[in-house]
Number of protein chains: 2
Amino acid sequence: MATQKRVRKSPEERRAEVYGAARAIALESGLAAVTQRAVAERVGVAPALVTHYVTRMELLVAEVFRDIAREELELVRASVEAVGDDPIERVVALLRGLIEDYRRDVALIWVDGWSLSRRNDDLAAVLVEEARAWEGFAAEVFQAGDAAGAFHAPDPLALARFVVGATDGLSAQSAVWTGVERETVGYVLEAVAALLRIPAEELARASY
Amino acid sequence: MATQKRVRKSPEERRAEVYGAARAIALESGLAAVTQRAVAERVGVAPALVTHYVTRMELLVAEVFRDIAREELELVRASVEAVGDDPIERVVALLRGLIEDYRRDVALIWVDGWSLSRRNDDLAAVLVEEARAWEGFAAEVFQAGDAAGAFHAPDPLALARFVVGATDGLSAQSAVWTGVERETVGYVLEAVAALLRIPAEELARASY
DNA sequence: GGTCTAGTTGACCAAGTGATCAATAACTGA
DNA sequence: TCAGTTATTGATCACTTGGTCAACTAGACC
């Protein structure tokens, strides 16, 4: 509308603006909504400027996804580290991070990612990378507990894959529906306790 | 290319062709690939004919999804009925249907569905409907077993939601990666056995 | 204050989407 | 055989997408 006076910023600053807008759009409306024009409008700039900084939109989408996913992982990693060295408490923190704290928008971003990665090779590569990072972290938590003799996890990576895959599904589910997160955590704790060959109360006790 | 002689078919037959093409495209390349022109080309017909039979493309996509999902559910339902009345064997059949038999393409269709439903209201409605149907069926299986005293399932619907949500995630996971389906079934059986308060061997025994 | 670098823009293009509609022609039935 | 019904089509529209490029100008620097 307004023929606003054109402002000239440093490449770094502008790049950050473009990137931040793309990220915000992704979280609000999904990865598919991250278009050249949508980003440009949000920044308040001509569409051409977006491509000037971005080279390829597909790459921008992939990059946005990567950072959102990675940030989420680091958040969970931090909360696991925060609880200290007790293997069981670390598992509980991990599971809470996977379910309870899982933000609705982030869960939907993952779903978008899997769907879009069929047509976006850059995104597909990033997606696999980030999924492996999640698995790797979960595997570490399980492996450490097994080594310490706190529970039974002879194949930490396989267990991690299982737990991450299952909780991803649950997160997506509760992202679309609502009000079922509470009981979900209980089921997850109980199921994982069984897989770890420890009484369910052990996880439940550590969980408040 | 070829100016092939135009053929004239009955509306019912043509409608079925259009619908079948849409379905095939969805299974091969995802729901997002179900476009007017893609369907037309597959049928070997002018794009205009597709809209002539379809009214709105969004509705076609939603309808295709509904039928794919429903058929999958009926398949699993049939395999559960086929094992007879034993509650435990029925649970095993259900879980196998949710994981092992879950076809890669169908799992991806679900992911596509969740992602696309943000922009396709018809699809969103169908998706919720089909998800509820899955939950409802799983809840029946759990409820019957609980009533028969075969296992412990005081809240069958909540448990069903949990199991369906978790297995959806695992299906999507193994649809994208490969070679992990085998061990996944084992984990699922073990985890569900714990939730049902029965020894893991009970499910494992029924599973071969 | 003038100059010049380079950030920014408008005007495009090509490709793809769904959808409409008058015109065409294939088959049916008399 | 020959109309008449109607399935089918080509042409075309409106809109969205990513992307290019010469031209413009804001702001730093001398």
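For clarity, every value in this text was computed on a predicted model and none was experimentally measured. Numbered from 1 within each chain, the chains take letters A, B, ... in sequence-line order.
For DNA chain D, no neighbouring residue in residues 58-67 of chain A is found when judged by any heavy atom under 4.0 Å. For the segment residues 8-20 of chain B, residues with any heavy atom less than 4.0 angstrom from an atom of DNA chain D are, sorted by number, B/Arg8, B/Lys9, B/Pro11, B/Arg14.
Residues passing the side-chain hydrogen bond (donor to acceptor under 3.5 Å, both in side chains) test with B/Thr167, sequence neighbours excluded: none. With sequence neighbours left out, the ring pair (Phe, Tyr, Trp, His ring centres under 6.0 Å) criterion links B/Phe162 to A/Tyr187. Under the side-chain hydrogen bond (donor to acceptor under 3.5 Å, both in side chains) criterion, B/Arg42 pairs with B/Glu28, not counting sequence neighbours.
The distance between atom CZ of A/Arg37 and atom C1' of C/dG10, rounded to the nearest whole Å, is 12 Å.
Nearer to the 5' terminus of DNA chain D, by closest-nucleotide assignment, is the contact made by A/Ala33 (compared with the other of A/His52 and A/Ala33).
Judged by atom type and distance alone, B/Arg6 does not reach the base of D/dT9 through any side-chain donor-acceptor pair under 3.5 Å.
OP1 or OP2 of D/dT17 lies within a sub-4.0 Å distance of a side-chain N or O belonging to A/Thr35. Phosphate proximity of D/dA7 to B/Tyr53: absent, as no side-chain N or O sits under 4.0 Å from OP1 or OP2.
Closest to the side chain of B/Ala46, out of C/dA19, D/dG10, C/dG10, is D/dG10.
Screening residues 64-86 of chain B for ring pair (Phe, Tyr, Trp, His ring centres under 6.0 Å) gives B/Phe65-B/Trp110 as the qualifying pairs, with residues at least two apart or on separate chains.
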